[in-house]
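Numbers restart at 1 for each chain; the letters A, B, ... are given by sequence-line order, proteins then strands.
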Protein chains: 2
Amino acid sequence: MSLATDAADQPTLYKRIRADIEKRILTGEWPPGHRIPFEHELVARYGCSRMTVNKALSELAQADLIERRRRAGSFVRRPQHQSAVLKIADIRAEIIALGRGYGYELIGRKLRTATAADRDRLGVKKAGKVVAINCRHSADNVPFAVEDRLIDLASVPDAATADFSREPPGSWLLHHVPWTEAEHTISAIVADDRTAEALDIAVGAPCLVIDRYTWRSARTITAVRLLYPGDSHRLVARFKGG
Amino acid sequence: MSLATDAADQPTLYKRIRADIEKRILTGEWPPGHRIPFEHELVARYGCSRMTVNKALSELAQADLIERRRRAGSFVRRPQHQSAVLKIADIRAEIIALGRGYGYELIGRKLRTATAADRDRLGVKKAGKVVAINCRHSADNVPFAVEDRLIDLASVPDAATADFSREPPGSWLLHHVPWTEAEHTISAIVADDRTAEALDIAVGAPCLVIDRYTWRSARTITAVRLLYPGDSHRLVARFKGG
DNA sequence: CACGATTATATGTCTAGACATATAAGTCAA
DNA sequence: TTGACTTATATGTCTAGACATATAATCGTG
């Protein structure tokens, strides 16, 4: 749940303190950079112990709404990063979560020494082995997305022998490479012949493109390009915040 | 900053406890649904007071890594929502953050009683007044996005008199309507004549579309459609997580 | 004035208790 | 078997302290 809650249903004091402060921040009454009252002032105002206001302030700090500086005080932070934050774990899971029938089809799989293009795409310098995978996901037997993936075997040696004819590589990786960072780039293209055929759409039809580059502690893991039919599939995102 | 930190630089005990648990979750040693040790067990294991382990567990709960249930215990949560989470605050701020010169141009503004199409788009039933705004954002004098927005005056009466010839409506709203929820839908289209001209691209060129629907406590505020040139602009998103 | 040492102070962490409260699990009766 | 009642228990919140620690501000000195 979000931090955004009505003050009415706050039985506990620290939540009320947190909500009070949050409200002032979010209405702009306390703009970014504003110093919020010291703990001892809040203790006096609310008539509680310091641990109680500390808990409220700590949560606001964890939520990045305020910044706490020793000896200086607590300050309202600038509104969250303007840029986009996107999370997409796994297409199979996404389709299943939509309540639709998941279908998967491996189109091609190649194990090769990384070409210059591969190295560039993965952002690695040394020449090593990679697996290139091409596959298609469908929902209720309608093409949902085509996937073009490169896995760096130096980071994920098991991928050389994994059976991607049954399990999609995204799901496989999710279970074999636990904690990763990723960068997504979303763009739009028009379908060329090959894409049009794979997605069963017309040549020149719009496609949504997601390029995802994944790594773990500075080690490249995989680069993947997903193509979705642009006029049918939709990436829905919901969030709370200013 | 993320919760993911090395155990080495943890001088404090609660952070070490939090990191220990987090590690087991993220490596899959404790899979989703697994019950993590009770507070009193952790108290015994780490030889500290309950408040210390409680702080560690509370932060993990706030970060949505675990779920805490009274009487039952604390459980590893399923990996975050499969679907997408996207945050885009404000195009002006986005362009400025990119270090590029921001340009804004109001193309059209109309105040009217909501048509059936308007009501449908805003998701309201009662007929009321709305403001329809059409404008263009540019970066370094190159078209960056065109915006087509509808504001519900029942929720934001001030929007009727706001001067959108200087300030983009997104920025204006951000400062006048503080705490909102939003839903984004990303898709792709090909440019029609009007869009092509506005974005200075060819007819039939791909466009990235972001439809955002914003509300606050069940009240509709605004619905906006943003069109970006699909092959030039890119929505970059970075995140941490499985 | 510039720079290093000192001090004051706000936050950071922690304790050893307390009582509240939701709820899983067990008990018992219909 | 099922439903209602009771109980045990893990978490939720809170207190009134304590000492640690980073650092803004002050003070002194060259």
>> If you take any heavy atom closer than 4.0 Å to DNA chain D, which residues from residues 38-52 of chain A end up in contact?
In response: A/Cys48, A/Ser49, A/Arg50, A/Met51, A/Thr52
> Quick one: B/Glu67 CD to C/dA22 P, roughly how many Å, whole number?
Replying inline: 17 Å
> At under 4.0 Å, does any side-chain N or O of B/Arg68 touch on OP1 or OP2 of D/dG12?
Replying inline: yes
>> Do B/Leu42 and B/Leu57 make a side-chain contact, defined as non-hydrogen atoms from C-beta onward lying under 4.5 Å apart?
In response: yes
>> Rounded to whole Å, how long is the line connecting atom CD1 of A/Ile17 with atom P of D/dG12?
In response: 18 Å
>> Does B/Asn141, at its CG atom, have more than 12 non-hydrogen atoms belonging to other residues, nucleotides or ligands within less than 6.0 Å?
In response: no
> Can you find an N or O donor on one side and an acceptor on the other, under 3.5 Å apart, linking the side chain of A/Arg70 with the base of D/dT21?
Replying inline: yes
> Nearest-Å distance, CG (B/Asn54) to C1' (C/dG17)?
Replying inline: 14 Å
>> Tell me the interatomic distance from A/Glu59, atom CD, to D/dT13, atom C1', rounded to whole angstroms.
In response: 12 Å
>> In whole Å, I'd like the distance from the CZ atom of B/Arg69 to the C1' atom of D/dT9.
In response: 15 Å
>> OP1 or OP2 of D/dG12 versus the side-chain N and O atoms of A/Lys55: is any pair under 4.0 Å?
In response: no
> So does A/Glu39 pair up with A/Arg68, basic N to acidic O under 4.0 Å?
Replying inline: yes
>> Any side-chain N or O of A/Ser74 below 4.0 angstrom from OP1/OP2 of C/dT11?
In response: yes
> Short question: side chain of B/Arg219, backbone of B/Ala154 - any donor-acceptor pair under 3.5 Å?
Replying inline: yes
>> Would the distance check show the side chain of A/Glu147 and the main-chain N or O of A/Arg225 forming a donor-acceptor pair, the cut-off being under 3.5 Å?
In response: no
> Expressed in angstrom and rounded to an integer, what is the separation of A/Tyr14 atom OH from D/dT15 atom P?
Replying inline: 13 Å
> Would A/Arg92 and A/Glu167 pass as an ion pair if we require N to O under 4.0 Å?
Replying inline: yes
>> Strictly below 4.0 Å, N to O, side chains only: are B/Glu67 and B/Arg35 in salt-bridge contact?
In response: no
> Under the 3.5 Å rule, do the base of C/dA24 and the side chain of B/Arg71 count as making a donor-acceptor pair?
Replying inline: yes
> Nearest-Å distance, CG (B/Leu13) to C1' (C/dC14)?
Replying inline: 9 Å
> In whole angstrom, what separates A/Leu57's CG from C/dG12's P?
Replying inline: 8 Å
